[in-house]
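Data block below; observations after.
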Amino acid sequence: MADIIQLLPDHVANQIAAGEVVQRPASVVKELLENAIDAGASKIKLIIKDAGKTLIQVIDDGKGMSVTDARLSFERHATSKIRSAEDLFQLDTKGFRGEALASIAAIAHVELKTKQEGDDVGTSIVIEGSEVRDQEVIVTPKGTSVSVKNLFFNIPARRNFLKSNAVELRHVIDEFHRVALAHCNISFTMYNNGSESFNLPVGNYRQRIVNIFGNKTNEKLVPVEEDTEVLKISGFVGKPEYAKKTRGEQYFFVNNRFIKSAYLNHAIASAFDGLLKNGTHASYFLNLTVDPQTIDINIHPTKTEIKFDDEHTLYALLRSAVKHSLGQFNIAPVLDFERDSSLDTPYNFNKKSTSAPAIEVDKSFNPFQDEGRTNTGTSTKSVSFKKEPAANWESLYVGLESKSNSEPQDFSEVHFESEESTASMFDDDNSVEQVQTTYQLHSKYIVSTIKSGMLVIDQHRAHQRVLYEDFLKNMTIKEAVSQQLLFPLQLHFSVQEIQILNQLKEDLEHTGFVFSNVLKESIEITGVPISVPESEVSIILEQLISDVENEVPDAHFSATDLLAKSMAKSLAIKTGQSLQKDEQEHLVNKLFACKEPNVSPTNKTTFITMSVDELDKKFI
Ligand code: ADP
Ligand code: MG
């Protein structure tokens with residue numbers, strides 16, 4: 001049989017390699033910025049158009065390339081950074097694989113302009129889909145400029161796979177931040193669609209962080225410093241009270257390279273143990289310096305994961321350094337801060353004090369007592385019933401009926417009592433049948449009786465549904481009621497966050513917010529929606545911003561909807577909150593007055609029912 005194996009032509013091999021190195025515009029940004037840093041640049045400029053889909057350009061004032069090198073730089077495995085395998089363990093550059101430019105040139109239109117110090121003229125090379133189209137001698141300043149246009153022009157599937165500009169730009173900015181945070185001795189600027197987004201002058205690490213994330217960040221930072229033989233740690237962690245709901249501001253750099261490490265992240269999380277509110281994540285900006293011999297960066301083409309020789313020690317050192325800082329700055333009591341012992345056994349669960357299982361008892365839950373009350377009809381006051389107008393229960397019934405067409409199964413079991421009987425539901429009728437009331441279970445569920453059996457409502461989700469529909473209504477009829485604040489509320493945000501708020505301003509106003517002033521890094525609020533306590537305003541807006549940032553906009557993306565969802569999520573009664581009887585009943589009424597009572601705004605079940613038949617079966 002004939003031989004069938006062939007060597008792939010270079011341009012095909014390059015395209016395949018590009019699949020690993022270049023996933024999206026942000027990957028190109030990373031590679032070009034890293035090349036500029038490796039070239040010893042002191043000023044780096046990033047220019048982006050259409051989130052990098054049309055143009056990504058990086059201009060540096062680094063050492064530039066000779067004519068031959070300029071041409072060679074686009075060859076695969078062509079690098080000036082290592083010469084032998086041993087060099088891999090002495091790396092002090094970002095790049096070393098010699099793949100980036102070759103890969104990028106295989107899938108885009110690339111123009112390189114470069115000149116070395118002392119040379120009179122430089123070189124320009126135009127290369128498209130791995131083919132050199134043009135090479136010229138040009139006059140250009142010292143340094144290098146690489147423009148990458150029409151990314152994935154020859155791989156339509158990849159191009160179509162790219163996300164919206166908002167999402168791709170987010171990735172580009174993330175990458176820019178990572179590189180800029182790792183090199184505060186280099187000045188960076190970024191332009192997006194012609195306007196300046198970031199201007200980061202040379203400064204210390206704290207200044208760099210503040211320049212990127214806004215002035216308000218300054219007061220949040222707690223320094224972390226540690227110098228041992230195996231590891232040097234420097235940087236900052238965010239004070240626990242500023243912990244974010246998203247993992248946004250978490251940065252590890254190892255020898256000035258941004259890396260992702262769930263393991264080291266865990267070390268920090270454990271140093272914050274007990275200091276963070278549930279569901280929040282500490283911010284950190286930490287630089288680890290280790291001997292390059294003790295790490296292997298070569299395990300991932302994008303070089304964001306690295307292997308440490310002695311991860312356990314790093315874990316312990318990092319954890320104790322962070323703990324120590326939090327303690328020193330009076331953020332945490334310096335309890336059991338024992339550096340050495342934790343060093344020996346970083347994962348020492350033996351020493352972890354055991355905590356008794358928490359048993360939550362709802363003290364107010366006493367079915368017998370309540371039954372008795374209703375039966376005798378004497379002490380209804382202490383139960384504090386608030387009689388809801390029967391009309392509410394009626395609307396509950398109507399809502400369900402209209403819904404039941406589409407989802408008959410869900411509701412086949414829910415037979416609410418008819419109007420007459422619901423009207424008597426709260427009457428002090430002596431009949432045992434009429435013990436209609438609600439109970440709260442574990443400060444989480446509201447249990448209520450219905451004709452066919454019982455109803456269990458998730459209070460948090462149910463309230464989200466109620467608020468969500470309220471907000472949506474207000475925003476669409478644009479008739480929200482606002483409460484005037486006595487003193488204007490001044491809130492600080494980063495430039496980027498303000499941009500997001502600006503986009504949502506109009507919708508926010510329809511919910512009842514009144515903005516009196518929107519500045520570069522702060523806003524002034526003079527009115528808030530009736531349902532929003534003043535103290536919650538900043539939390540709600542932060543949550544909103546992070547929801548917008550994380551939302552992957554698709555065809556159905558609507559700012560109004562997102563805003564309503566986000567605010568409902570922030571303001572809804574939380575799990576763990578105990579509710580008065582009248583509050584419970586009010587919530588039940590409101591839920592069933594909703595258009596879609598059966599799911600939360602994020603499509604999670606809000607209630608379940610269990611019929612007497614089903615209960616009976618359990619007692620067989
Ligand atoms: P790597 O960075 O892994 O070496 P690249 O494909 O990114 O591989 O770059 C290939 C080579 O081109 C580099 O080793 C370097 O010598 C040269 N080069 C790339 N970008 C620049 C730049 N901005 N300034 C100077 N030289 C550069
Ligand atoms: Mg490189």
Side-chain angles (χ1 to χ4, degrees), residues 10-11 13-23 26-47 56-85 87-108 110-119 122-127 130 132 135 138 140-148 175-176 178-179 182-183 186-189 255-258 292 297-304 306:
D10 263 0
H11 69 275
N14 283 340
Q15 243 188 47
I16 294 172
E20 286 192 350
V21 182
V22 184
Q23 278 107 34
S27 332
V28 175
V29 168
K30 172 179 190 282
E31 295 297 336
L32 297 185
L33 290 176
E34 290 190 346
N35 279 348
I37 290 165
D38 286 344
S42 60
K43 269 199 199 120
I44 299 177
K45 186 163 157 184
L46 169 66
I47 299 170
I56 301 159
Q57 184 176 13
V58 171
I59 305 168
D60 68 55
D61 61 354
K63 65 175 183 242
M65 285 178 261
S66 68
V67 193
T68 326
D69 282 354
R71 189 70 181 249
L72 256 183
S73 69
F74 290 105
E75 294 295 320
R76 207 144 60 97
H77 306 308
T79 179
S80 56
K81 297 168 194 174
I82 56 169
R83 296 194 179 268
S84 69
D87 293 349
L88 274 176
F89 299 98
Q90 288 300 341
L91 281 176
D92 58 358
T93 54
K94 301 266 167 274
F96 56 85
R97 299 168 70 111
E99 277 180 333
L101 287 184
S103 299
I104 294 167
I107 48 156
V110 179
E111 189 176 346
L112 168 84
K113 289 180 179 165
T114 188
K115 186 179 87 86
Q116 289 181 307
E117 179 133 57
D119 285 357
T123 310
S124 142
I125 293 179
V126 177
I127 182 163
S130 300
V132 179
Q135 175 164 353
I138 51 157
T140 183
K142 173 209 159 198
T144 304
S145 153
V146 182
S147 312
V148 176
E175 221 46 86
F176 176 77
R178 290 168 183 176
V179 175
H183 298 275
I186 299 175
S187 87
F188 289 89
T189 43
N255 297 355
N256 296 330
R257 187 191 297 279
F258 172 83
I297 314 162
N298 207 10
I299 53 173
H300 197 269
T302 59
K303 298 166 284 185
T304 45
I306 63 179

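Counting starts at 1 for both ligands and their atoms, following the listed order. Along the sequence shown, the residues carry numbers beginning at 1.
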Worksheet item: Side chains of V110 and I125: does their closest heavy-atom pair fall under 4.5 Å?
Response: no

Practice prompt. Compare all side-chain heavy atoms of V67 with those of Q135 and state whether any distance is below 4.5 angstrom.
Written response: yes

Worksheet item: Among N35, D38, L101, which residue places a heavy atom closest to atom 7 (O) of ligand 1?
Response: N35

Is [X] in polar range of ligand 1, meaning some N or O pair under 3.5 Å apart?
{"X": "S80", "result": "yes"}
{"X": "K63", "result": "no"}
{"X": "M65", "result": "no"}

Worksheet item: Has K142 got more than 12 heavy atoms of other residues, nucleotides or ligands less than 6.0 Å from its NZ?
Response: yes

Discussion item. Within the 4.0 Å heavy-atom shell around A100, which atoms of ligand 1 are there?
Written reply: 6 (O), 7 (O)

Practice prompt. Run the numbers for me: atoms of ligand 1, each under 4.0 Å from some heavy atom of S73, listed by number.
Written response: 10 (C), 12 (O)

Worksheet item: What is the distance from atom CD of E111 to atom OG of S147, rounded to the nearest 0.5 Å?
Response: 5.5 Å

Discussion item. Regarding N35, does it place an N, O or S atom less than 2.8 Å from the Mg ion (ligand 2)?
Written reply: yes

Fill in: S145 side chain vs K113 backbone, donor-acceptor pair below 3.5 Å
no

Worksheet item: Would you say the side-chain atoms of K115 pair up with the backbone N or O of D119, donor to acceptor, closer than 3.5 Å?
Response: yes

Worksheet item: Between D60 and ligand 1, which residue portion shows a heavy-atom distance shorter than 4.0 Å: side chain, backbone, both, or neither?
Response: side chain

Worksheet item: Relative to ligand 1, is T79 under 4.0 angstrom through side chain, backbone, both or neither, heavy atoms considered?
Response: both

Practice prompt. Kindly write out the residues that satisfy side chain to side chain donor-acceptor pair (under 3.5 Å) with S42, not counting sequence neighbours, or none if the list is empty.
Written response: D61

